[in-house]
Amino acid sequence: MGRDTIADIITSIRNADMNRKGTVRIGSTNMTEKIVKILLGEGFIENVRKHQENNKSFLVLTLRHRRNRKGPSRTILNLKRISRPGLRVYSNYQKIPRILGGMGIVILSTSRGIMTDREARLEGIGGEILCYIW
């Protein structure tokens with residue numbers, strides 16, 4: 001049984017955000033680096049550092065939190081894994097869903113690499129829908 005690295009990333013970020021942790025450490029692969037680069041570019045996380053330990057590389061993410069600590073713990077970052085190893089979900093560029101009317105993003109794996117829904121619509125290519133972020 002193989003590991004789903006994208007689901008591991010999403011779960012780690014979601015758990016750290018719910019527990020108000022400042023940083024998250026995830027394993028570094030080409031796919032995780034591209035997804036984290038998109039999250040950084042879209043403003044969902046503050047900072048990314050690459051860390052090497054015992055011939056293994058990790059990414060250390062600094063999460064963005066609400067400054068107001070009063071009231072119930074409410075997450076800022078909502079992530080949902082769509083395509084998974086048991087059920088792949090594909091879409092052409094015309095049918096890529098819009099999350100919250102364009103406020104959220106969809107991360108796709110296309111023939112030209114991993115990109116957001118806006119970039120895929122501009123280039124006119126579809127692909128596998130990896131996750132929703134809002």
Side-chain angles (χ1 to χ4, degrees):
M1 187 164 109
R3 289 184 48 169
D4 187 7
T5 57
I6 298 171
D8 291 343
I9 296 168
I10 290 172
T11 303
S12 297
I13 294 172
R14 186 184 310 121
N15 289 342
D17 191 45
M18 286 192 311
N19 291 326
R20 296 205 177 272
K21 300 285 183 190
T23 60
V24 179
R25 184 176 142 181
I26 59 173
S28 177
T29 63
N30 288 337
M31 184 173 285
T32 59
E33 287 180 13
K34 291 175 185 174
I35 291 173
V36 167
K37 186 177 177 183
I38 289 173
L39 289 174
L40 184 64
E42 294 289 328
F44 288 107
I45 58 176
E46 284 186 19
N47 191 13
V48 179
R49 296 188 321 266
K50 197 162 190 177
H51 181 69
Q52 188 95 12
E53 186 177 300
N54 297 334
N55 293 332
K56 292 187 179 183
S57 57
F58 298 97
L59 295 174
V60 179
L61 311 177
T62 305
L63 299 179
R64 196 175 293 260
H65 288 290
R66 272 191 325 180
R67 301 295 177 219
N68 184 5
R69 295 277 182 175
K70 294 181 182 178
S73 162
R74 203 174 135 234
T75 61
I76 290 179
L77 194 58
N78 291 307
L79 301 117
K80 183 175 181 184
R81 176 81 159 121
I82 302 302
S83 186
R84 49 195 168 90
L87 178 65
R88 302 288 184 187
V89 178
Y90 298 95
S91 176
N92 64 8
Y93 77 97
Q94 294 143 338
K95 294 184 180 178
I96 296 172
R98 293 186 191 273
I99 306 304
L100 293 177
M103 296 288 288
I105 63 170
V106 177
I107 297 181
L108 295 136
S109 176
T110 66
S111 59
R112 296 187 192 153
I114 295 176
M115 61 180 65
T116 64
D117 56 339
R118 283 178 238 128
E119 294 169 350
R121 282 190 198 97
L122 285 174
E123 292 191 24
I125 55 175
E128 182 182 356
I129 298 175
L130 298 178
C131 60
Y132 297 158
I133 302 169
W134 69 97

**Request:** Go through R112 and E119 one step at a time and tell me if the salt bridge (Lys or Arg N to Asp or Glu O under 4.0 Å) criterion holds.
**Result:** CA-CA 11 Å; R112 296 187 192 153; E119 294 169 350; over 6 Å; no

**Request:** Enter the distance from R20:CZ to L63:CG here, rounded to the nearest 0.5 Å.
**Result:** 11.0 Å

**Item:** Nearest-0.5 Å distance that lies between atom NZ in K21 and atom OG in S12
**Value:** 13.0 Å

**Prompt:** To the nearest 0.5 Å, how far apart are CD1 in I10 and CD1 in I133?
**Reply:** 6.5 Å

**Message:** Can you confirm whether V60 sits close enough to V24 that some side-chain heavy atom of one is under 4.5 Å from a side-chain heavy atom of the other?
**Reply:** no

**Prompt:** Are any of the side-chain heavy atoms of Y90 and I129 separated by less than 4.5 Å?
**Reply:** no

**Message:** When you measure from the side chain of N19 to the backbone of N15, do you find a donor-acceptor pair of N or O atoms at a distance under 3.5 Å?
**Reply:** yes

**Request:** State, without any angle test, whether S83 and E128 hold a side-chain donor-acceptor pair at a distance under 3.5 Å.
**Result:** yes

**Message:** Quick one about T116 and E42 (side-chain donor to acceptor, distance below 3.5 Å, no hydrogens or angles considered), yes or no?
**Reply:** no

**Option from T29, I107, I114, I35 for which side-chain contact (heavy atoms from CB on, under 4.5 Å) with I6 holds** = I35

**Within one Ile-Leu-Val-Met-Phe-Trp-Tyr cluster: M103 and L122, side-chain cutoff 4.5 Å** = no

**Request:** Please report the C-alpha distance between R98 and D117 in whole Å, then the side-chain angles of each, then the deciding distance to 0.1 Å, and finally whether the salt bridge (Lys or Arg N to Asp or Glu O under 4.0 Å) criterion is met.
**Result:** CA-CA 8 Å; R98 293 186 191 273; D117 56 339; 5.8 Å; no

**Asked** Got a second to check how far K80's NZ is from L130's CG, nearest 0.5 Å?
**Response** 14.5 Å

**Prompt:** Does R25 make a cation-pi contact with F58, if we ask for NZ or CZ under 6.0 Å from the ring centre and within 45° of the axis?
**Reply:** yes

**Prompt:** Is there a side chain to side chain contact (heavy atoms under 4.5 Å, CB included) between S57 and H51 once you walk through the steps?
**Reply:** CA-CA 6 Å; S57 57; H51 181 69; over 6 Å; no

**Prompt:** Closest heavy-atom contact between I105 and I99?
**Reply:** O-CG1, 4.1 Å

**Item:** Minimum heavy-atom distance W134-F44, with the two atoms named
**Value:** C-CE2, 4.3 Å

**Request:** Would you check if the side chain of T11 reaches a backbone N or O of D8 as a donor-acceptor pair within less than 3.5 Å?
**Result:** no

**Request:** Keeping the roles fixed (side chain from R121, backbone from I96), state whether a donor-acceptor pair exists under 3.5 Å.
**Result:** yes

**Message:** When you compare the side chain of I125 with that of M115, does any pair of heavy atoms fall below 4.5 Å?
**Reply:** yes

**Item:** Ionic contact status for R81 with D4, cut-off 4.0 Å
**Value:** yes

**Request:** To the nearest 0.5 Å, tell me how far E33 CD sits from I26 CD1.
**Result:** 9.0 Å

**Side-chain (D17) to main-chain (L77) donor-acceptor, under 3.5 angstrom** = yes

**Heavy-atom side-chain contact between I13 and L39 under 4.5 Å** = yes

**Prompt:** Are the side chains of L79 and C131 in touch, meaning some heavy atoms are under 4.5 Å apart?
**Reply:** no

**Item:** R118 vs V106, side chain to side chain contact (heavy atoms under 4.5 Å, CB included): CA-CA, chis, key distance, verdict
**Value:** CA-CA 8 Å; R118 283 178 238 128; V106 177; over 6 Å; no

**Request:** Heavy atoms only: give me the nearest T110-G126 pair and the separation to one decimal.
**Result:** CG2-O, 3.5 Å

**Asked** So, does R64 use its side chain to make a donor-acceptor pair with the main chain of G43 at under 3.5 Å?
**Response** yes

